Structure formats: structure tokens, C-alpha cells
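It should be emphasised that the depicted structure is a prediction, and the values quoted were computed from it without experimental measurement.
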Amino acid sequence: MKKHFGLTLATAVATSAALLLSACSSGSDPTAANSPTTSQDNSKRTITLWLVGADTNDDLRGYLTTTFKQKTGATLKIEEQTWGDIVTKLTTSLPDANNTPDVTELGNTQAPTFTNVGAFADVSDLYEELGGDKLLPSFVEVGSVDGKKYALPYYFGSRYMFARADVWKEAGVNQPTTLEEFNTAVKQITAKNPRDIKNFSGFFLGGQDWRNGISWIFANGGDLAKKENGQWVSTLSDANTLKGLAQLQDIYRSASKAPADAKDATPWLYINDTDEILDEAGKPAGKTSLAAATIMAPGWAHWSIGDLKEKDGKPVREWNDKKFSAFVLPGNDGKPAPVFAGGSNIGISAKSQNQDLARELLKIIFSADYQQMLGKSGLGPANSDYVSSLGDDVFAKALIDSASNSKLTPAAPGWAAVEAKQVLEEFFGKIRDASDLAALAKEYDATITPMLNLK
């Protein structure tokens with residue numbers, strides 16, 4: 001998933017993981033007191049749910065708090081955290097029974113760091129009731145250790161392409177059906193630049209945008225890491241990975257004028273006719289105008305793409321089929337190219353003193369009603385039975401098709417440390433100007449491999 005974190009977490013994650021291991025594995029079994037909540041007075045009890053970012057909207061939050069109260073008699077307190085510091089906060093809070101959230105969302109790529117040190121309660125006995133094999137397999141995998149289930153899928157959000165259909169038409173380029181065709185198309189559009197726009201990108205891909213860039217690695221049969229003889233090793237210098245990196249280098253040099261330090265945040269600013277850059281406080285910090293024919297972003301980005309309109313006194317984006325299009329990145333085999341599966345997992349803190357109520361909350365979250373509400377809100381439901389709730393428009397189709405061949409980052413215990421230190425951002429930022437990609441990849445393999453095995 002998701003974003004980068006504060007602190008020097010290569011050290012912090014390793015140190016805190018050790019603390020988590022000792023703190024979370026000591027004491028009595030926290031799941032022992034799983035008595036039915038309906039048989040006791042819970043009116044004075046409160047549990048805390050941490051949600052990260054604003055993806056879980058107010059309607060979803062209202063449903064959870066109201067339904068939880070009706071079902072258990074207890075109060076659900078929802079606290080919103082930020083992606084920037086969620087790992088740091090979980091690292092310090094999960095081992096502390098007095099300050100831990102009872103249930104927490106976390107990025108799917110962050111899950112292995114915490115599940116491998118016993119930070120979450122074992123919910124294997126609930127697995128079938130909560131959806132079983134219908135739950136997203138790759139998300140279940142990163143939340144499991146030795147076959148036991150600790151952090152289950154919350155929602156998925158796959159990535160696909162958003163394009164200026166009008167600019168593609170003006171450039172005389174058709175929608176591609178293979179990855180090679182896509183690579184060629186965006187280079188042609190850049191060269192033709194039909195509207196003579198300064199610093200125009202046929203495909204806007206940030207220099208440090210590894211979350212979108214790894215699709216070219218996956219599509220060529222490469223990967224970021226693999227497990228050998230019980231240890232994780234970085235595989236940036238593997239032959240298939242290098243094929244994808246070479247294609248990316250060509251795109252960086254011939255199709256993208258995105259800044260060398262740009263990541264995967266808000267690329268839609270450059271595909272709208274005009275847009276406004278907001279700072280971290282949500283205040284205007286600058287303006288942009290059309291500068292790209294194509295971007296790659298999570299499906300929910302479509303709410304930020306379109307003609308600027310006003311609704312109920314507020315500015316909104318209205319999709320215009322004549323101006324914009326959405327399609328999956330095509331692969332080399334007639335299928336969608338493998339893309340990074342964004343999204344979240346959710347788990348019960350092993351140190352929660354409200355294990356019974358926390359388990360009741362999971363039952364609500366994985367209920368048919370809530371799963372369908374997630375889909376109607378544009379978030380991919382964890383349970384495949386309810387994917388139809390996403391709808392049947394172009395966005396739902398692209399989301400479902402792209403997710404059908406999506407991949408996660410390696411389920412290595414130290415992956416959060418790799419993200420925290422922004423090692424891949426650093427590596428990808430050097431691809432454009434690298435004179436020897438293989439040597440650069442080997443250099444970063446040597447850096448990443450020991451980090452992958454941190455516990």
C-alpha cells in the first residue's frame with residue numbers, strides 16, 4: 001500500500017519489533033475471555049478503532065458506530081490516523097495494553113512487520129465465519145504467519161490508467177492492447193505534443209513513483225524480492241526485473257517530464273485542464289494546468305478527475321467521456337498487466353483488553369451489509385461475493401479487471417523498514433540517468449536484502 005513514514009525506521013522498526021515480540025507474547029491468552037457480548041451489560045464499555053486516512057467515509061463510520069452499539073450495547077470510538085506516521089504509532093501503541101487501539105487498520109504492505117512479531121490476536125477460528133476463502137487471498141497471506149490468521153483484508157484499491165481521450169485522438173494514437181503498444185503510444189504522444197504544451201508528458205510517471213513503476217517489473221516476470229532457503233533476498237538485479245527496469249528507463253527518458261522526486265501522490269492534477277495544489281492542511285498552495293495525456297492511479301482517483309463544476313456550493317469534478325477515458329494497463333500475455341494492489345488489512349491488537357467486543361466489530365465489518373457499503377463507496381470489498389457492489393461503470397470494470405492480476409509487495413518481515421527508509425524511492429529516482437542499470441540494481445539489492453529480514 002501505502003505512503004512513507006517518519007523516524008529512522010530501519011532502526012525503529014527493528015528495535016520496536018523486538019519490543020513488540022516480548023510485549024505481545026507475554027501474559028495470559030487475550031482471546032480467552034471471548035464470552036458472548038449479548039449476555040452482559042456493555043453499556044459502560046468502549047473500544048477504539050483506528051482508521052487510516054479518509055477512505056472510510058462518514059457514512060461507513062456512522063454505520064459501524066451505530067450497528068456496534070445496537071449489537072453489543074457498547075460504544076465504538078473511531079480515531080483517524082495518518083499514513084505518514086501509522087507505523088510509528090502502531091510500534092509504540094500496540095505493546096501497551098493501556099494505550100493500544102483494540103482494532104486497527106494498517107496498510108497491506110505493513111502487515112507482515114507486525115504479524116511476524118505477535119502484535120495481533122489470532123483470529124483463525126473466525127476466518128470461515130468472516131468469509132474464509134472468499135477473502136482476498138493475497139491480503140490474507142500477508143496477514144498470516146505459519147498458517148494462522150492475524151490481519152485480514154479490509155478493502156482493496158487497484159491501479160489503472162486515466163487518459164485524456166481527446167489528446168490521444170489528436171495525437172492519432174489508439175488505446176493499446178499490449179504493454180509494448182502502451183510504451184510506444186505514450187512516447188509517440190509525447191513527441192507529437194498536439195497542443196504544444198511545455199513540459200508535456202505522454203505518460204506522467206514520477207521519478208520516485210515505484211508503486212506504479214513496479215507494474216513493468218511484474219509484467220516482465222520480475223519481482224522485488226523472493227524467499228530463498230528461509231531468507232528474503234532482493235531481486236532488482238534479476239534478468240526479468242531488469243527487463244522491466246529498462247522499459248521504465250525508456251519511459252522516463254522519452255515519455256515522462258514528471259519531476260525526478262515526484263512520488264505517486266496526486267498525479268491527476270496534471271490531467272485536468274486546471275487544478276489546485278493543496279498543502280497538508282488542505283489549503284491552496286498553487287495551481288496546475290493540463291500537462292499529461294496519461295496517468296496511473298488507484299481507482300478512487302476518478303472522483304478527482306473531470307470538468308470542474310459546482311454542486312451545493314462546493315467545487316466537484318464531473319467525468320466527461322468525450323474528454324477522459326479509463327483503461328487497465330495491458331500486459332504481455334493478453335491479460336491486464338500485474339499492478340500493485342493497494343488497500344488495507346485490519347486486525348485486533350493482541351494487547352486489547354476487549355477481545356470479545358473487538359471480535360464482534362470484525363463480524364460487523366465483514367458482514368454482507370458493510371461489505372456492500374464499501375463497494376458502493378468505491379472501495380473494493382474484502383469478500384469477492386460482494387464485488388458486484390462496485391457497480392458496472394467504466395471505473396468498476398477497470399478496478400475489477402486490474403485487480404484480477406494484481407500483486408502485493410513481498411511478505412517479508414522487514415518490508416515496512418524498506419518503505420520507511422524510502423529505499424525504493426531513492427532507487428527509482430536514479431533510473432532515468434543510470435548508465436548501468438544492472439550495477440545500480442545490484443547496489444540496491446545489497447542494501448535491501450538485510451532489511452527484508454529484520455524482525
State, without any angle test, whether [X] and [Y] hold a side-chain donor-acceptor pair at a distance under 3.5 Å.
X      : Y      : value
Ser344 : Glu105 : yes
Thr82  : Asp85  : yes
Thr109 : Glu419 : yes

So, taking the atom named [atom1] in [X] and the one named [atom2] in [Y], what distance separates them when rounded to the nearest 0.5 Å?
X      : Y      : atom1 : atom2 : result
Asn57  : Leu374 : CG    : CG    : 9.0 Å
Thr409 : Asp223 : OG1   : CG    : 9.5 Å
Gln372 : Leu390 : CD    : CG    : 11.0 Å
Leu136 : Leu408 : CG    : CG    : 9.0 Å
Leu224 : Thr241 : CG    : OG1   : 7.5 Å
Asp275 : Thr288 : CG    : OG1   : 5.0 Å

Do any pairs count as a ring-ring contact (aromatic ring centres under 6.0 Å, His included) and have a residue in residues 395-417, sequence neighbours left out, and if so which ones?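 Checked against ring-ring contact (aromatic ring centres under 6.0 Å, His included) - neighbours excluded - the pairs reaching residues 395-417 are His302-Phe395, Trp319-Phe395.
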Check: Do the charged groups of Arg45 and Asp356 touch, with an N to O distance under 4.0 Å?
Finding: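 Answer for the salt bridge query: yes.
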Are side-chain heavy atoms of [X] and [Y] found at a separation under 4.5 Å?
X      : Y      : value
Phe162 : Trp268 : no
Lys257 : Tyr270 : no
Leu440 : Phe427 : yes
Ile295 : Ile305 : yes
Trp232 : Pro410 : yes
Leu379 : Tyr154 : no
Leu357 : Phe68  : yes
Leu452 : Val233 : no

[X] and [Y]: which non-hydrogen atoms are nearest, and at how many Å?
X      : Y      : value
Ala219 : Ala337 : CB-CB, 4.3 Å
Pro112 : Asn116 : O-ND2, 2.7 Å
Lys226 : Thr235 : CG-CG2, 3.5 Å
Asn220 : Gln247 : ND2-OE1, 3.3 Å
Phe340 : Ser215 : N-OG, 4.2 Å
Lys335 : Asn405 : CB-ND2, 4.4 Å

Which side-chain N or O atoms in residues 74-81 pair as donor and acceptor under 3.5 Å with protein atoms at least two apart or in another chain?
from, atom 1, to, atom 2, distance (Å)
Thr75, OG1, Lys69, NZ, 3.3
Lys77, NZ, Glu79, OE2, 3.3
Glu79, OE1, Trp50, NE1, 3.0
Glu80, OE1, Arg61, NH1, 3.1
Glu80, OE1, Arg61, NH2, 2.8
Gln81, OE1, Lys89, NZ, 2.8

Q) Stepwise, does the ring-ring contact (aromatic ring centres under 6.0 Å, His included) test hold for Tyr150 with Phe114? A) CA-CA 9 Å; Tyr150 295 97; Phe114 295 98; over 10 Å; no
Original post:
Going through the checks in order, is the side chain to side chain contact (heavy atoms under 4.5 Å, CB included) test met by Asp264 and Arg159?
Top reply: CA-CA 11 Å; Asp264 65 333; Arg159 295 164 184 256; 3.3 Å; yes
Next on the checklist: Quick check on Asp261: does its CG atom have over 12 non-hydrogen neighbours (other residues, nucleotides or ligands) under 6.0 Å away?
Outcome noted: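 Yes, CG of Asp261 has more than 12 neighbouring heavy atoms, counting only those of other groups under 6.0 Å.
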Check: Crowded around Glu141 CD? As in, over 12 foreign heavy atoms under 6.0 Å?
Finding: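 Check fails, neighbour count at 12 or below.
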Return a table of donor-acceptor pairs under 3.5 angstrom between the side chains of residues 430-438 and protein atoms on other chains or two or more places apart.
from, atom 1, to, atom 2, distance (Å)
Lys430, NZ, Tyr444, OH, 2.8
Arg432, NH1, Tyr252, O, 2.3
Arg432, NH1, Ser256, O, 3.4
Arg432, NH2, Ala258, O, 3.4
Asp436, OD1, Ala438, N, 3.3
Asp436, OD1, Ala439, N, 3.1

Apply side chain to side chain contact (heavy atoms under 4.5 Å, CB included) to [X] and list each qualifying residue two or more places apart in sequence or on a separate chain.
X      : value
Thr178 : Glu180, Glu181
Ala382 : Leu135, Pro153, Phe366, Gln371
Asp133 : Tyr127
Ser158 : Val339, Leu399, Ser402, Ala403, Ser406

Any sub-3.5 Å donor-acceptor pair from [X]'s side-chain atoms to [Y]'s backbone N or O?
X      : Y      : result
Asn345 : Ala111 : no
Thr65  : Gly62  : yes
Gln231 : Asn453 : no
Thr294 : Phe203 : no

With side chain to side chain contact (heavy atoms under 4.5 Å, CB included) as the criterion, how do Tyr155 and Leu60 come out once you've worked through the C-alpha distance, each side chain's angles and the decisive distance to 0.1 Å? CA-CA 13 Å; Tyr155 67 82; Leu60 293 168; over 6 Å; no
Inset, instruction - Could you please spell out the steps behind the side chain to side chain contact (heavy atoms under 4.5 Å, CB included) verdict for Leu126 and Lys363? - result: CA-CA 9 Å; Leu126 278 179; Lys363 293 176 185 178; 3.8 Å; yes
- Verdict with reasoning, Glu425 to Trp210, per side chain to side chain contact (heavy atoms under 4.5 Å, CB included): CA-CA 6 Å; Glu425 282 87 348; Trp210 66 267; 3.2 Å; yes
With sequence neighbours excluded, what pairs up with Asp445 under the salt bridge (Lys or Arg N to Asp or Glu O under 4.0 Å) test?
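Per chain and number, Asp445 pairs via salt bridge (Lys or Arg N to Asp or Glu O under 4.0 Å) with no residue.
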What residues form a side-chain hydrogen bond (donor to acceptor under 3.5 Å, both in side chains) with [X], not counting sequence neighbours?
X      : answer
Asn332 : none
Thr100 : Ser349
Ser124 : Asp122

Worksheet entry | Residue pairs passing the side chain to side chain donor-acceptor pair (under 3.5 Å) test where at least one lies in residues 380-390, sequence neighbours excluded |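 Counting only pairs at least two positions apart or across chains, the side chain to side chain donor-acceptor pair (under 3.5 Å) contacts touching residues 380-390 are Lys134-Asp385.
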